Every structure is written in structure tokens, then in C-alpha cells.
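Heads up: the structure comes next, in C-alpha cells.
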Amino acid sequence: MTATKVSNFGVRETALLLAGTCLTSTGAWAQAAPAAPLQAAPTPPNTAAQAANVIKSMRVEGAQRIEPDTVISYTKLRVGQAFNNETLDQAVKDLFASELFADVAIDGALTGNVVLRVRENPIINRVLFEGNKQLKADKITKEVKLAPRQIFTRTAVRQDVERIIELYRRQGRFAATISPKMVSLDQNRVDIIFEIDEGPKSKVRQINILGNEVFSDKKIRGELQTKQARLTTFLSSSTSYDQDRLNFDQQKLRQFYLTEGYADFKVISAIAELTPDKRDFIITFVVQEGKRYHFGDITVDSEIRDFDNKKLASSLAAKKGNWYDAKKVEDSVEAINQAAGLFGYAFAEVNPEFQPDRENLMMNINFHISESRRTYVERIDINGNTLTQDKVIRREIRVAEGDPFNTFQVKRSQDRINSLGYFQDKLEIQQKPGSAPDRVILETNVEEKSTGELNLSIGFSSLERFLVQGSVRQRNFRGKGQELSLSANYSQFSKSVEVGFTEPYLFDRNIALGFNVFRRDFNQFNFLNNSRQTTFNQISTGFSLRTGTALTEFLSLQLRYQLSQDDVTLDQGTFFTNGVCDPLRAGRFLCEQIGNRLTSSLGYVLSFDNLNNRLRPSAGQRLSITQDFAGLGGNVRYARTVVEGAKYWNVGSGFIASFALQGAYILPLQRSPGPGIDAVRIIDRFYLGEPQFRGFQIRGVGPRIQRLAYTDGTVNQTLIDARNQISDDPLGGRAYYLGRAELEIPLGAGARELGLRPSIFLDFGALFGVTRPVSTANFPTLTDPATGRTFVGSIFTPVLDANGNRQYTFNSGTADAPITSVTTCDVGIPDTAGVCIGTVANPLFTSEQTPFLERFVGNSARPRISVGIGVNWNSPFGPLRIDVARALLTSPGDQTKLITFNVGTGF
């Protein structure tokens, strides 16, 4: 800035120094040194002449962009007007106040021919930021006021410096410094450069608590949202200093003590001190705990005649004799408001009147309910839905415009909208006064979230080898609440493609209609020597139709029909002998399942559901019964019944408890094909294990056939019972039950931001009820003539040719170089024409099946039990679930698993 003088006409000349303010906290200006001040005119001889001076003329010098008349208009000087020292000083101040000029001087006061000499502030060419890494330039640009083609002023720069510093303080960077620089250009233009030193993020080094006697420092710190910077809190965003968070922590402290009965608690002070290096904060709370109170007399005084005061008071959470708890007082007020809302009083005013008895440390409370008028819904407003159509939201709202207001129906509407899964969590329907005292406006402000899912993965695994999976799913197709899905996967052991569509409100009526078309190619497998072996292949092709409607607010009915063609096959090279399935190789229970069958089934689902949120429930219950009847055509007949129930409780402090139980039974409606063959096909039975039953392998619970081989030789022959040497085939069961008790554990703010939800659980269940299969083979028991010991011998099966003729072996070489060949001649050898020549009998060509023992295990209703911990994570790649479970109670044949990892599924 330049120093400026005003030429005056009186006794003396006065110099007005307008120097620029130094930005001590932000650095110095890079610009030229101030210009020399203007020379002062001679001092007038006396003051009497001052009053007689009049402005004869006015002109402006130095203006480039601003018109002279505009410059004069900023002052109060006019031609013909008398003037003195004060009017000239004020004119200079007015010109500087316009912030258009860098320098101002007034000459010609002695003659009355006034000259306003000005030097205009430069025009900003560019505004640049240097050194900013944590904050992008576009974010800073939105906050600062300086911009290209604006007039430069030091005041605006200082203000922008403060704005940028405030931005960094919001991020917890209190050590940030800003140094503004100005680069002069031609044509009176400048570039403004803000040099930024962001500094480290300021953490909370220490939280001190003074005045506490009842609760420890550790306990109180645990109640605060602000956390001390430690290794255990490195993931938390609450370790940085935030003044708003500090204010909130004072409320948290009050809330904590008030819920513990300390009604007189006060926070005397909460001081945050920045360390000298500006890197950390030390926060000190000074508190006064006071005495602990009990609840005294709890009464209700209602001016609304619909209430029974005594009955209402007895139902409140606040009970006489219990420790005073402000949360229970809030709950009591909320309960009264809810009760008033049920009677149609939307704006009932409930005032708890506290009457402390400090001598006996009792808190008497009278809940006064002021007189109110019944209210009616005037209007329902829906805001924020850019994709979802209004009708999709309105059909979930259980009150209509003009209806009497009802808090239960409003809460139910809120839960139903949340259960759609189209909007951000914790949506609330707000109640606002209408155009009259007895009118209420329900305002639903939604924030839409992505409802489309696109998954594509290509990979390699030790089990599936090369695999490709892809799926597209839109749960809010075209914003109409419709669901459209397409999925496909390909690997060595499974291939499938499926298309589905659901219209939840057909023709805008509460009737759902949907269908699925599918083709599934699945290989059942077992393990032997840690190698996966395919047992049977199942190809299913078909479609399903479904329709449903709500019978009441919480009761719904769904009807469904499915038609599928199932083809079960075995690998002929592995399990066939002489063109037919060989029970010795595959097992009798698998050979019995081969075939092509058509299943036509009709079923229904009757369900009761009053969960507060279908996606992440914390209260309510769900009950359902499902039955499917196969036999409407086709060649498969059964009746399958599944009953399920779940209950959720919010047990307080963020803990959510749940208990779920399900059971099922499938009743065959056709006779068994033969002894030891279950009337229900292996592909129609139930299976139990991962992921439903944590702590067990996929299909790791229930009836199964285990095949154990014998060691070779006749001496000391034993069974090989090593786990990885046993062939294990699950058979499934007709009946099962499965239960789960789980407690979801709340975490701190940092973990919640990451979407982590841990839980502890106990699972129990069993799978049983299948017919015991007939043994595949009875191996001969032989005696070794040399030792006299008995052993289990092999079974030899004649090998047939393509025409079903037995085959024999003969030597087609010489005695010195024998060559074993195969023929259908039981005596002699074939000539070139195929005629048997000779009299020597040929040995029968057979295949040997070494002995094994089959064990039928696991067919027991005895409960299996597992306990463990798990965590849900809403990761950027989709929902993930990791469980670590230990099986406490098992049955012979069960296969356990310690760690379970699921992607995109929830339990």
C-alpha cells in the first residue's frame, strides 16, 4: 500500500496514512515497496478563509477503467459546495471504502479547483493455490470469494485466507498456514497465489477429567465421542479435534450422568488447548457430579380427557424407587406422545415437571399433558426422489390425506419405506403444522442410493479351476419398484444361467407377480486324498411363476408354481461296467438316482412380518409357513413343508439380539422303488451345512455314506480310517431343524464408518430321516491257508463285450514274450475268421473290486451345536461376511470347518 496525503487549504495540510494491514498469521506480501507520498501544499494563512472556500471545479486524474463521474459519485463533494478539512478527509475515506482504489490524493483546495488523483486497484487475472494436497483446488475455489476479472483488495485477500484456514481446521489441520502472494502483470492486472503449508493433522493427545469422584477417567473417556490418539484408535476419525464434537461431548457427559441418576451434574468447563507446535490438542473437562437420586412419585396430569392418568402413569418406564434416569424420562414422554398419537393428537404437548427432594434425594415427576385438538393429515409431501416414482413410496404409507393422524401408522409407514432398500438408512417421516391447528403435514425426505448391482468376476480356484461369474440385478427397475435380475456362471463343476422379474404392484394393485427361467448344471462331489471327485451330475431346466398379496398389514400370502426337468447322470468311464452303473464303483445309492424326471409343483407361502426393517431389523418378528406339492403332472410326487420364525430385540446401548428357528419335512407321495431306496430323490432332499450352519462344511451335517478301503494283503489286514482316505457322500435328509441365537455388538464411530457389524452367535440343528441304504456289496471272507487268518477278499466281475458276451484272456505271443489278449472264446484261440481253434480253456476276463466297508452315519436328530464370532462388512465390493465358528457337539460323519467366508450373502 502507498501512504496517501490530502492537499488542504487551511492552516495546515493533513497527511492521511492508509497503510496495509499485515497478515501476521499468514505470511508477507510479495510486491513492490510503497510509493512515495504526495507533496503537501503550503498551509493557508488563517482559518477564517476556510469557511469562505467553495468548489469551483472538479476533475479526476488517474482513472483508467472507472468513469470520472463514477469516481466523484463515491464522494460528497460537488461543484458550488463549500468545503473544509473534514469534508476532504471524508471524501478520501469514502473513496478508499469503495475498495476500487489503491491510492487517493486531493489537490487544488487553495484555488477551489479540486483534483481527485486516484490509482485504481488492479484486476485479478488468476487465483492459484500451491502446496494443497489434502484439499483439492476445486474445493477451495468454492469457498474463496476472489475470482478472475474481479477487483483486487487486501480486505478480500485477508478474508479468503481466513476461509481457507477454516477449511483446514474442519479437517483437523490447525497447523496449516496460508501465505498470499501477488504477482504484478501488465495492464494493471495481478495473479493471486495462495501458498499453503497444510501441516499435519492435529490429534487429541490427552483428555483430562477433573472433579470426577464416582466414575473413573477411563469410564468417562469411553462415553465421549472424541478419542485420544492411540495405536488402538488409528482407524477412528474421532481422534482429531473438532469444536462441534467437543460441544457434543459436553452433552454426552450430561446425558451419561443424568442416566446414572446424577440430576445435579454440571460441566463447569471444557477447554481445548493447542500445543505449542500446533500439532495436538489437550482437552480438559471440569465437572461437578453432585448427588445420586431415585425416582419419586410419578404422576400424569392430562387435560386430554381420553387418557386414564393413573393407568398411563403406571405404564411409563420411570418407576418409583428406581435410580433416576433421564433416558427413562425421555422414553416416558415419547410413550405419552405415542399414546396421544394413537388417539389422533399429533401435537400433544407433554411437559415433565421436575420436583427434586434434595433432602431425601428423590426426583418427583409430574407429566403434564396440555389440552390439544385432534389432528388430520392435510398433505403428504415426498422430497428427494429423483429416480423412484412417487407412487412407489406413497403405496407404502399407511395413512392417506384426510385421514385422522395416527402415530402407529406413521411409524409403520416409515418402517415399510426403509424396508424397500431404495433409500439411505434412518429415514424419518416428519410432522409439520398444517394450515390450521388441527391439520398436520407429513413430510418424507428421502435420499436415494444405488439399487443396481453389477458383478463380474474371473478367477481360478483349486476346486472350480477356471471360473467366470456375472450377474446384473436392479431392485428398483425404471423407478417403479420392479426387480430384474440376470445371472450366469461357468466353471468346471457348475454352470448356470437364470433370468428373473418381479412386479410388486400389478396394475397399481397390491398384487405381486413374478417369474424365473433357469438352466442349472451342477456336479455333486466328494473328496478323496484331498482331491475333488465328481459323483453325479444334475441338469435342471425349468421356470417358476409366483404371485402374492397382502391379507392384512402384517400377513401376506404368496402362491407359486414350478416346472423343471431334472436329469441325473454318472460318468460312464468312472462308474459304469459293461454299459450299466456299477454299484461297486458308484455305490448303490447313486445308481438308484440315475434318470430323467419331470417335477410339477404348486405351493404357497403364508407369512407374518412386522419387522421394523426387512434388510437390517432391530425389532419385531417374522413367521412363515411354506408348502409345496409336487405331482400335478410329471413323475415326482411329494409334499414339502418348511416353517420359519425369527425374533429381534433392541436390548439397549446399540446391542441387537435375535433368535431364529426353522424346521422342515418332506413327505413322499409315492412308493419306494425298492428295499433300501428312499422314496424321495437325492436331489429333492434337504441339506445342511455352510453357509446356514456355521462351523460345518458345505453339506457337512446329516446322513452320509462313508467308504473305507482295506489295506492290501492277507496278513494284518486293517481298515484305512484316515480322514483324507475316506470317500464321503452326503445323502441329504427328509427332515431338519436349525436354530440361531445371535447378539450384534455395537462398535465405535470409526468402525461404523467402515460398515463393520460384529456379532457372537450360537447355532444348533440336525438333518435326518432318510431310509438306510442297502449295502452295495458283500465281500467274501477268506482264510489264508498258510497262517489260518481270515481276511476280506475282492469281488471279481466278468467283463462283457459290446454284445453282452463274456470275454476271456489268452496269450497271443510266445512263451518267452507273452502278450495278453482278449477274446470271446472260452476254449482255444480265435483265428483270422474269428473261429475258436484249440482245446485249451481260457481264463475268464474280470475286473477286480478291492474290498471296502460302507458306513451309514449321521442319520440322527441329535443336535449339533457350534459357537463363534462373525462380522458383516459393507465393503466397496459388496457385502462380506466372515465367521469363525467352533463345533462343540457333533455326530459321527459330520465335517467341521473353522472359518467361513461369504461374499454378497447375509445370514
Side-chain angles (χ1 to χ4, degrees), residues 524 526 528 533-537 567-596 672-677 682 705 707-715 717 719-720 727 729 773-786 789-854:
Q524 175 63 289
N526 61 24
L528 185 62
Q533 298 185 118
T534 298
T535 52
F536 68 85
N537 176 265
D567 187 15
V568 177
T569 60
L570 297 176
D571 181 64
Q572 294 193 11
T574 304
F575 299 110
F576 277 55
T577 299
N578 299 324
V580 296
C581 181
D582 188 348
L584 293 175
R585 295 187 179 186
R588 189 182 303 277
F589 62 93
L590 285 182
C591 290
E592 294 162 352
Q593 303 301 320
I594 296 176
N596 196 325
S672 168
I677 303 176
I682 193 171
I705 291 290
R707 182 177 288 192
L708 292 77
Y710 286 93
T711 55
D712 293 336
T714 60
V715 180
Q717 187 185 55
L719 281 171
I720 303 174
S727 175
D729 292 290
V774 175
S775 297
T776 298
N778 293 317
F779 289 90
T781 301
L782 307 176
T783 301
D784 185 355
R789 297 189 178 188
T790 61
F791 63 94
V792 180
S794 300
I795 292 180
F796 297 90
T797 303
V799 178
L800 308 180
D801 65 4
N803 297 320
N805 300 314
R806 289 191 174 191
Q807 300 187 77
Y808 302 85
T809 60
F810 70 96
N811 182 10
S812 60
T814 63
D816 296 331
I819 299 175
T820 301
S821 298
V822 178
T823 180
T824 56
C825 297
D826 58 346
V827 176
I829 59 176
D831 60 9
T832 56
V835 178
C836 299
I837 301 174
T839 59
V840 178
N842 294 324
L844 185 65
F845 180 34
T846 61
S847 64
E848 180 185 7
Q849 175 60 59
T850 57
F852 58 81
L853 174 67
E854 281 186 344

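The model shown is predicted, which means the values in this text are computed figures rather than measured ones. Residue numbers count from 1 along this sequence. Basis for what follows: all heavy atoms, side chains included, without hydrogens, waters or symmetry-related copies.
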If you take all heavy atoms of Ile594 and Phe576, which pair is closest and at what distance? CD1-CZ, 4.1 Å
Out of curiosity, Thr820 OG1 to Phe845 CZ, how far, rounded to the nearest 0.5 Å? 9.5 Å
Using a 3.5 Å distance criterion without hydrogens, assess whether the side chain of Glu848 forms a donor-acceptor pair with backbone atoms of Ile795. no
If you measure from CG on Asp784 to CZ on Phe791, what distance do you get to the nearest 0.5 Å? 6.0 Å
Flag side-chain contact, heavy atom, 4.5 Å: Thr823 against Ser821: no
Can you give me the closest heavy-atom contact between Cys581 and Pro583, atom names plus distance? O-CD, 3.3 Å
Would you call Asp567 and Thr569 a side-chain contact if the rule is heavy atoms closer than 4.5 Å? yes
Do Leu800 and Arg806 come close enough that some side-chain heavy atom pair is under 4.5 Å? yes
Value rounded to 0.5 Å, distance of CD1 in Ile677 from OG in Ser672: 5.5 Å
When the ring centroid of Phe852 is compared with that of Phe779, is the distance short of 6.0 Å? yes
Of all heavy-atom pairs linking Asp729 and Ser727, the shortest is OD2-OG, 3.8 Å
Given Val799, Thr846, Leu844, the one that forms side-chain contact (heavy atoms from CB on, under 4.5 Å) with Tyr808: Leu844
Non-hydrogen side-chain atoms of Asn842 and Thr809 separated by less than 4.5 Å: no
On a heavy-atom basis, the closest approach of Asp801 and Gln807 is N-NE2, 3.4 Å
Heavy atoms, side chains only, cut-off 4.5 Å: are Pro851 and Gln717 in contact? yes
Who pairs with Ser775 by side-chain contact (heavy atoms from CB on, under 4.5 Å), at least two apart in sequence or on another chain? none
Do Arg707 and Thr776 come close enough that some side-chain heavy atom pair is under 4.5 Å? yes
Is Ile720 close to Tyr710 at the side-chain level, that is, under 4.5 Å between some pair of heavy atoms? no
Residues 824-834, side-chain donor-acceptor partners within the protein, below 3.5 Å, at least two apart:
{"unit_1": "Asp831", "atom_1": "OD1", "unit_2": "Ala833", "atom_2": "N", "d": "2.9"}
{"unit_1": "Asp831", "atom_1": "OD1", "unit_2": "Gly834", "atom_2": "N", "d": "2.8"}
{"unit_1": "Asp831", "atom_1": "OD1", "unit_2": "Val835", "atom_2": "N", "d": "2.6"}

Any side-chain donor near an acceptor of the partner, Gln849 and Ser794, under 3.5 Å: no
